[in-house]
Novice: 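Have a look at the structure that comes next, please.
All values derive from a computational prediction rather than experimental measurement. In what follows, chains carry the letters A, B, and so on, assigned in the order in which the sequence lines appear, proteins first and then strands, with residues in each chain numbered from 1.
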4 protein chains.
Amino acid sequence: MPAQTFRKLPYRPRDAVRTRAGILAAATAAFAAHGLGGARVDEIARGAGVNKALLYHYFGNKQALFLAVLEEVYANIRGAEAALELETENPPEAMERLVDFTWEYFLEHPEFITLLNSENLHRARHLKRSKQVRALHHPLVDRIGEILERGIARGDFRADVDPVQLYISIAALGYFYLSNAHTLGTVFDRDLLAESEKEARRRHVQDVVRGYLRPVVLS
Amino acid sequence: MPAQTFRKLPYRPRDAVRTRAGILAAATAAFAAHGLGGARVDEIARGAGVNKALLYHYFGNKQALFLAVLEEVYANIRGAEAALELETENPPEAMERLVDFTWEYFLEHPEFITLLNSENLHRARHLKRSKQVRALHHPLVDRIGEILERGIARGDFRADVDPVQLYISIAALGYFYLSNAHTLGTVFDRDLLAESEKEARRRHVQDVVRGYLRPVVLS
Amino acid sequence: MPAQTFRKLPYRPRDAVRTRAGILAAATAAFAAHGLGGARVDEIARGAGVNKALLYHYFGNKQALFLAVLEEVYANIRGAEAALELETENPPEAMERLVDFTWEYFLEHPEFITLLNSENLHRARHLKRSKQVRALHHPLVDRIGEILERGIARGDFRADVDPVQLYISIAALGYFYLSNAHTLGTVFDRDLLAESEKEARRRHVQDVVRGYLRPVVLS
Amino acid sequence: MPAQTFRKLPYRPRDAVRTRAGILAAATAAFAAHGLGGARVDEIARGAGVNKALLYHYFGNKQALFLAVLEEVYANIRGAEAALELETENPPEAMERLVDFTWEYFLEHPEFITLLNSENLHRARHLKRSKQVRALHHPLVDRIGEILERGIARGDFRADVDPVQLYISIAALGYFYLSNAHTLGTVFDRDLLAESEKEARRRHVQDVVRGYLRPVVLS
DNA sequence: CATGAATGAGGCTTCATTCAT
DNA sequence: TATGAATGAAGCCTCATTCAT
């Protein structure tokens, strides 16, 4: 009840930047929890502590707001990723770091998963309109390519690896597990989100990627 | 089954069964296309060529209908899977068959993916109520376990593999690619659903699984 | 309060034709009173004693409902007009009847005027989509043409009259007076809608039309 | 008018007058295009290049702004009319000039028509509050009365003409044609706003007024 | 078994207007 | 004088569901 007190009293920010960010945050939460169609504009406005009309003033409509959210979460993950130290002497270690980062990012940002699922249900209709998002991903592919090259040169990795395929697989192994944890947990009767299970999955994913990348030995 | 039957015209028995199946088919299509929240009861009824009230008569409400759809698609995939010949002499080949089957099933049954995504958005709320679905999955885990055992015994596979983790990974590598093809295709600027790309993915998935399962060689 | 009683109790018609007509009537009243933009769907539904959703079920949207109203009022005026006995021996008398009818119709159907004004504000956007309305007006032009021909032949009328221009003038003299009675009354400080004034206008319109149609005498 | 004036930059005096006029012009355009209810305060402010709050500062509210617009357009038409040279030796010529002026004014000021229609939809609620508008119209009636008197005295005109009725008819013949051009054009399948049609209408209106005013000849 | 008619609740969006500076 | 930020009220429309036959 104190929160209310703060919101009701003269805490109307009148700070466009902060208000906009607040709306975006509330929208991210709502879209993540219920999907684009399931989220309620009313709830978002309430969550941001503003009037619905203001939301429309800033973002135009629900779909544009959804796109803004998508662009932000993409910028966030790629931003965090960019901060990784991957240009190490040791390509397998770099790869391990990338795998760990990806798994942990999904784990700590469940909204990323639901948001992308929702966008895919709509066949990426919104994202396709984005002008920034493509550019965000070139560096990622380049960096993975460089790690692979160095690793192949050193004999750490097998030679025939497509960086995009590899990245999709790294993501897939974590994303699918988390995205579908509820149905998988139900049908396999196993609490996949228990801490120990999550740690087991992390190791499994590392194993799969490492195992796959091992050079092929001819007997 | 008196005179009425004749007076009221083509009242073939089993109509009820067929009508029910028609509704289920229309519902599958609608839920797959738009998700649970996005599908319209009106559209389902129209698609099945029946009155909305009849749909309620048969299934009670939208959510129960959704669960019926889920149960059906799970039964379908597990049924097709069960028909696979995996008890071969050659465990790597059996594994390859399972991987191919899984990839191809997802490819040919895109509804399976959207339906599960939708159910996961709802944290498997409906599926948890199902009494049949769990039983459906025991054989799957058992069979994978058997293949692994035989393969390990023969030195085909590494020794530390959890069948459930493995199955989740096999599914993940295909499912995520297809489920997120639209966003991935957009951000990587690549048509992941082109025939050649799909075939490349199939090979990649095989490579990953085979690579992972290779016994660990100590130098 | 008895009306309510009837509406609230099992007087849900379940008679599609009657319900539809009721909605149309309520819509006519509302659009006439407030224009297309000013009328409220809520008010229309309440006026018809039905739920808003039903209105959308029958008419699709507000604009389609507006068009349905327009088509109905046009059909009504042209229908009433068609019932006039104009094929008399005496063309001036026929003309007089048409003038009187037109004036009185506008007087007794003020909704016709506001509806058309509203549609003209929208540049006839809705009416242009109508398939029926054009056909409705051919007979009118033909009949006026015939009266004129006979009158000219008999020396009752001047010779150079375009039937469409004439009809527009006959309508104009009454329509504008009634349509703009409020502003005209205000600026000229005169109650143009008093009974005596209306009767005076009727005579004036007859005078103008008769005066105009008189054959031109060369001195 | 101290230092501030120089510090705050181009604060020309009389800006207020110009700003007000700009708002009025934008409002006239918007109300003419969409009616009172259909016009958007936002659009008016944008059109005037000012902040919405300023508009409220100057005019109080939308309805008061609408009244201001009405008063201006009435002042404009009566002002232009007053500049006509009607006190000629030749009453029929004076009448012809008035008819031409009226027609042409409507033609060149379509906003006048839509604004009055909108005000009449509201039963002249705003205009009735105006203190200036009534006074504006006395001279008009007087002048028409004088022309009529002189013409009757000279035997140019019939004797029983009410100046207000006559003016209303002169206005009606042009106003209704233009106001309802879209619906009339649609139902009669004729482009009433083509240049040739407009010129034909002008001549027709002149014919009707002249024909009506001709003295009644007793055979 | 099957249907057409009807509805309550709620969703997205718009808009005139006011506030704080 | 002028502004950008913010809002309450309401408008159009949709949707899952029920009723009466």
Novice: Please name the pair of heavy atoms, one in A:Ala68 and one in A:Leu24, separated by the smallest distance, quoted to 0.1 Å.
Specialist: CB-CD1, 3.8 Å

Novice: Going through the distances and angles, do C:Thr183 and D:Glu119 end up as a side-chain hydrogen bond (donor to acceptor under 3.5 Å, both in side chains)?
Specialist: CA-CA 7 Å; C:Thr183 52; D:Glu119 175 64 356; over 6 Å; no

Novice: Would you say C:Tyr58 reaches E:dA6's phosphate, i.e. side-chain N/O to OP1/OP2 under 4.0 Å?
Specialist: yes

Novice: I need the C:Leu70 CG to C:Leu116 CG distance, nearest 0.5 Å.
Specialist: 7.0 Å

Novice: Please pick, from E:dC15, E:dA2, F:dA6, the nucleotide with the shortest atom-to-atom distance to any side-chain atom of B:Leu54.
Specialist: E:dA2

Novice: Can you tell which of F:dT14, F:dT3, F:dA2 lies closest to the side chain of D:Ala53?
Specialist: F:dT3

Novice: In whole angstrom, what separates B:Leu55's CG from E:dC1's P?
Specialist: 14 Å

Novice: If the cut-off is 4.0 Å, is C:Asn51 near the phosphate of E:dA6, judged by side-chain N/O to OP1 or OP2?
Specialist: no

Novice: Output all residues satisfying side chain to side chain donor-acceptor pair (under 3.5 Å) with D:Thr28, sequence neighbours left out; order by chain, then residue number.
Specialist: none

Novice: Specify the residues of residues 22-49 of chain B, ordered by number, for which at least one heavy atom lies under 4.0 angstrom from an atom of DNA chain F.
Specialist: B:Ala39, B:Arg40, B:Val41

Novice: Go nucleotide by nucleotide along DNA chain E from the 5' end; which of A:Lys52 and D:Lys62 gets its closest nucleotide reached first?
Specialist: A:Lys52

Novice: Hey, does the side chain of B:Thr19 come within less than 4.0 Å of E:dC1's phosphate (OP1/OP2), counting only N and O?
Specialist: no

Novice: Counting runs of three or more consecutive pairs, Watson-Crick or G-U wobble, with each distance below 3.5 Å, where are the stems of DNA chain E?
Specialist: E:2-21 with F:2-21

Novice: Which heavy-atom pair separates D:Ala124 from C:Thr186 by the least distance, and what is that distance?
Specialist: CB-OG1, 3.7 Å

Novice: Could you say whether C:Ala16 or A:Gln63 is positioned toward the 5' end of DNA chain E, judged by the nucleotide with the nearest heavy atom to each?
Specialist: C:Ala16

Novice: Would you say A:Tyr56 reaches E:dT14's phosphate, i.e. side-chain N/O to OP1/OP2 under 4.0 Å?
Specialist: no

Novice: In Å and rounded to the nearest 0.5 Å, what is the CG to CD1 distance from C:Leu55 to C:Ile23?
Specialist: 5.0 Å

Novice: Would you check if the side chain of B:Lys52 reaches a backbone N or O of B:Ile44 as a donor-acceptor pair within less than 3.5 Å?
Specialist: no

Novice: Apply side chain to side chain contact (heavy atoms under 4.5 Å, CB included) to D:Glu71 and D:Phe66, showing your working.
Specialist: CA-CA 9 Å; D:Glu71 288 185 323; D:Phe66 185 64; over 6 Å; no

Novice: Any side-chain N or O of B:His57 below 4.0 angstrom from OP1/OP2 of E:dA2?
Specialist: no

Novice: What is the separation between atom CG on A:Asp15 and atom C1' on E:dT21, rounded to the nearest whole Å?
Specialist: 14 Å

Novice: Rounded to the Å, how far apart are B:Arg18 CZ and E:dC1 C1'?
Specialist: 15 Å

Novice: What ring pair (Phe, Tyr, Trp, His ring centres under 6.0 Å) pairs are there with at least one residue in residues 36-61 of chain A, not counting sequence neighbours?
Specialist: none

Novice: How many Å lie between CZ on B:Arg20 and P on E:dC1, as a whole number?
Specialist: 12 Å

Novice: Which ones in residues 116-130 of chain C lie close to DNA chain F, meaning a heavy atom under 4.0 Å from one of its atoms?
Specialist: none

Novice: For B:Gln63, give me all partners under side chain to side chain donor-acceptor pair (under 3.5 Å), at least two apart in sequence or on another chain.
Specialist: B:Arg125, B:His126

Novice: State the NE2-NZ distance between B:His122 and B:Lys128, to the nearest 0.5 angstrom.
Specialist: 13.0 Å

Novice: I need the minimum non-hydrogen distance between B:Leu115 and B:Val69, along with the two atoms involved.
Specialist: CD1-CG1, 3.8 Å

